[in-house]
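Notes follow once the structure below has been shown.
Residue numbers start from 1 in every chain, and the chains themselves are labelled A, B, ... in the order their sequence lines are given, proteins ahead of strands.
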Number of protein chains: 2
Amino acid sequence: MTMDGGRRAVAAEGSEAVAALVADVGPRYRTATEFVEATLRQGILSGRLSGGTPLRQEELARLFNVSRMPVREALRQLEAQALIDFVPHKGAVVTDISAEDAADNYAIRRALEPAALTLSIPHLDAQDFARAEELITEMDAETEPGRMGELNRRFHMSLYARAGRPRLLALTEQQLASADRYVRFHLAAKGQEHMAQEDHLAMLAAARQRDAARAVAVLLGHLDTAAVTIDAFFRERAG
Amino acid sequence: MTMDGGRRAVAAEGSEAVAALVADVGPRYRTATEFVEATLRQGILSGRLSGGTPLRQEELARLFNVSRMPVREALRQLEAQALIDFVPHKGAVVTDISAEDAADNYAIRRALEPAALTLSIPHLDAQDFARAEELITEMDAETEPGRMGELNRRFHMSLYARAGRPRLLALTEQQLASADRYVRFHLAAKGQEHMAQEDHLAMLAAARQRDAARAVAVLLGHLDTAAVTIDAFFRERAG
DNA sequence: CACTTGTCGATTGGATCCAATTTAGCAATA
DNA sequence: TATTGCTAAATTGGATCCAATCGACAAGTG
C-alpha cells in the first residue's frame, strides 16, 4: 500500500463525514497510522466529526482503505490527546464538547499563554514581528472561517515562538487547536466571527515595546472576551 | 491471558462479600494494553527505565507475556504523552531528560498550578484541609524516596482538587508526575531530598485562610526552589 | 409481573503471519 | 584509505484470523 495521500479509494457507502475527510488529504504520510491519526484529528478539531460520533474500527478501516490495526493505533493516540473516549470492548466515541469543557480549555489557555508570551517577548526579533503583522493583515482579508481559525492560531504562536520551551509550546498549540472546536461550533450556529483584531494589534504593539505586562493584560482580556462569548452561546443553546 | 486472575464475580446472595472479594484482588487491568501501558509509564516516571533506553516490541512482548500488538498500542499512548520517542521503522526510545526539559516542566507547572490552586481554594472544605494535613504528616514519617514523591504529588493535587476543571487537573497531575523523573534522577546521585515541608505547611495555612494570593506566592517560591536545585544539579553534572 | 438466565449478533481485543524498511557488515573500487 | 554499493539480519508496519466481551432480546423462574 502506498501512502500517496491522494485518492485512496473511498468505499461507496458509509459515514459520509469520514469519507469527505479521506477525500482531501494533503501531505504524504510515512505510515498508515500517521495518515489515519492526522486525518481523524483534523476532522475532530475542525468540527466535521462532531462530539458523540461513534468511531467503528471496521468502518474506518474500510473508509481509509487500511486494515483495522493502524486504525486502532491511531485511536489510541487520539485517546491520549483526549479527543476521543475509548472504553474497552465498547469502542471509541468523539468526546463531547460542553460549556464546562470550553471553560476548562480557556482556564488552561489563561495559564499557559501568558507564560509562553512572557518568556518569548524578550527574544522576539524584527522578523518575528513582521510575520505576526503579516498574519494580522491576512486575517483582515480572510473570509473563510476555517482558514481564519488557522491564521489566528498561527498569530498567537508566532508571539510565543521564542519562549525556548518546546513542551510548553506544544501544549499551548494543542490547547489552541482544541479551542477551535468551540469557536467553530459557535460559528456553525451564529454565522460569523468577531476576530478582535484590535486585541491582536495591541498585543503586537506591546510585544514590540518589550512590554510583557501590557501584552499579557491584553491577552487575558482577549481570552476572557472569547470565553464569555462561547459560554453565553452554550447557555443560550441549553436554556 | 486473563487480566482478572480468572476470578469473576458470581452473582449470588451475599453480594456484598463477593464485591469485597473482587475489590481486594487489587489493581487488575481490563486489557493487556492497559497493563503494559501502565507498567511502562510507571517504569519511566520512576526512573527505572532511564532516558535513551530502547524499547523493543518483541522483547517487551516476551517480558509481559503478551503479543506485540498490545505493546504497540501501549507505545502509541506513551508517545502521545511525550514519554517515548517513536520513529517509524526505527522503534521507540524512552525520552531523554535534560536541564532544558526540567526547565520546560517547571515552566508548565509554574503556569498551571497557580491557576488550579486559585480556582480550587474557594471550594476547599474542612475534609480537604484535613487530608492535606494528613499527607504532610505522612511525608514527615516517610523515608523511602519513591513513596515520598507520590505523597508530595497527592498533597499538591489535594489542594487543587476543587478547581472544577478536570482537564486542567489532568494536565497538572501529568506534569507533576513528570517532575518526579527529574527529582528521582537528582536523588539517585545526591542521596536525599529536601521536601520543603515549611512550604507545604505555609501553602496549607494560606489555603485555610482562603488567601489565594499568598498561597500562590508560596507555591511559586516552592517551585522555583526546586527548579534551581535540579538545574544546578544538571549543570554540575555536565560541567 | 419483576427478575434472572441464556443465546445470538455485533464489535473489539489479541495472536500470528507476511511485507516493508532500516541498519550493519562486507566487498569492490577509485 | 575512504567511499560507494550491495546483501542479509534485525526490527517494525500491516493484514488476517480467532477469541473474548458487550448489548439486546427471548425464555424461563420465583
Side-chain angles (χ1 to χ4, degrees), chain A residues 1-5 8-9 11 13-15 18 22 25 28-40 52-80 84-94, chain B residues 1-16 18-19 22 25 28-40 52-80 84-94:
Chain A
M1 107 147 36
T2 72
M3 219 58 52
D4 60 27
R8 280 163 174 276
E13 21 75 33
S15 165
V18 178
V22 177
V25 278
R28 320 211 119 80
Y29 300 96
R30 283 175 302 180
T31 66
T33 300
E34 277 183 12
F35 166 62
V36 174
E37 194 254 345
T39 307
L40 284 180
T53 304
L55 299 174
R56 307 258 165 248
Q57 296 177 7
E58 194 131 12
E59 182 184 4
L60 293 176
R62 202 180 61 239
L63 293 169
F64 284 111
N65 220 20
V66 298
S67 80
R68 267 178 51 214
M69 162 129 16
V71 171
R72 280 162 63 173
E73 291 191 42
L75 292 179
R76 286 293 177 190
Q77 289 181 290
L78 295 173
E79 183 201 17
I84 65 174
D85 292 329
F86 206 116
V87 181
H89 293 108
K90 286 196 58 177
V93 179
V94 178
Chain B
M1 155 175 226
T2 74
M3 223 58 53
D4 62 353
R7 236 152 302 183
R8 219 151 151 80
V10 184
E13 61 278 312
S15 61
E16 195 96 358
V18 176
V22 174
V25 185
R28 235 78 210 190
Y29 299 96
R30 283 176 301 180
T31 66
T33 299
E34 278 182 12
F35 167 61
V36 174
E37 195 254 346
T39 308
L40 283 180
T53 305
L55 300 174
R56 308 253 165 255
Q57 297 177 6
E58 194 131 11
E59 183 184 358
L60 293 176
R62 204 181 58 239
L63 291 172
F64 284 112
N65 246 327
V66 297
S67 80
R68 268 178 52 215
M69 162 128 21
V71 172
R72 280 162 65 173
E73 291 191 49
L75 291 178
R76 287 291 177 193
Q77 289 181 290
L78 295 173
E79 183 202 16
I84 65 174
D85 292 330
F86 207 115
V87 181
H89 293 108
K90 286 195 57 177
V93 179
V94 178

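- Across all non-hydrogen atoms, the minimal contact from A:Ile84 to A:Ala92 is CD1-CB, 3.9 Å.
- The distance from atom CG of A:Leu60 to atom P of D:dG14 is 15 Å, rounded to the nearest whole Å.
- In this structure, B:Glu58 atom CD and C:dT22 atom P are separated by 19 Å, rounded to whole Å.
- The CE atom of A:Met69 sits 13 Å away from the C1' atom of D:dC18 (whole-angstrom rounding).
- The nearest whole Å value for the distance from the CD atom in A:Glu79 to the C1' atom in C:dG13 is 14 Å.
- A close approach under 4.0 Å does not occur between any side-chain nitrogen or oxygen of B:Lys90 and OP1 or OP2 of D:dT11.
- Separation of atoms OG (B:Ser67) and CD (B:Glu58) is listed at 10.5 Å; rounding is to 0.5 Å.
- If you take CZ of A:Phe64 and C1' of D:dA15, they are 17 Å apart, rounded to a whole angstrom.
- Minimum heavy-atom separation, B:Gln77 to A:Ala80: O-CB, 4.0 Å.
- Each of D:dA15, C:dT12, C:dG13 was ranked by its minimum atom distance to the side chain of A:Arg76; first place goes to C:dG13.
- Among the nucleotides D:dA15, C:dG14, C:dT12, the one closest to any side-chain atom of A:Ser67 is D:dA15.
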Would you sort out whether B:Glu73 and B:Arg76 count as a salt bridge (charged side-chain N to carboxylate O under 4.0 Å, His left out), showing the intermediate values? CA-CA 5 Å; B:Glu73 291 191 49; B:Arg76 287 291 177 193; over 6 Å; no

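- Nearest nucleotide to the side chain of A:Val66, out of C:dG13, D:dG13, D:dA15: D:dA15.
- Annotation: of the two residues near DNA chain D, A:Pro88 and A:Glu34, the 5′-most nearest-nucleotide partner is A:Glu34.
- Taking every side-chain heavy atom of B:Gln57 into account, D:dG13 is the closest of D:dG14, C:dG13, D:dG13.
- Rounded to an integer number of Å, the gap from A:Glu73 CD to D:dT12 C1' is 10 Å.
- Evaluation of atom-type donor-acceptor distances gives a pair under 3.5 Å for the side chain of B:Arg72 against the base of D:dG14.
- For the pair B:Thr33 and C:dG14, the criterion of a side-chain N or O lying under 4.0 Å from OP1 or OP2 is met.
- The distance from atom CG of A:Leu75 to atom C1' of C:dG13 is 13 Å, rounded to the nearest whole Å.
- Scanning atom types as modelled, no donor and acceptor separated by under 3.5 angstrom connect the side chain of A:Arg68 and the base of D:dG14.
- Of the listed nucleotides (D:dG14, C:dT11, D:dT21), C:dT11 has the atom at the smallest distance from the side chain of A:Arg56.
- Atoms CG and CG, on B:Leu75 and B:Asp85 in that order, are 12.0 Å from each other to the nearest 0.5 Å.
- In this structure, A:Asn65 places its CG atom 15 Å from C1' of D:dT16, rounding to the nearest Å.
- Residues A:His89 and B:His89 each lie close to DNA chain C; by heavy-atom proximity, the contact nearer the 5' end of the strand is made by A:His89.
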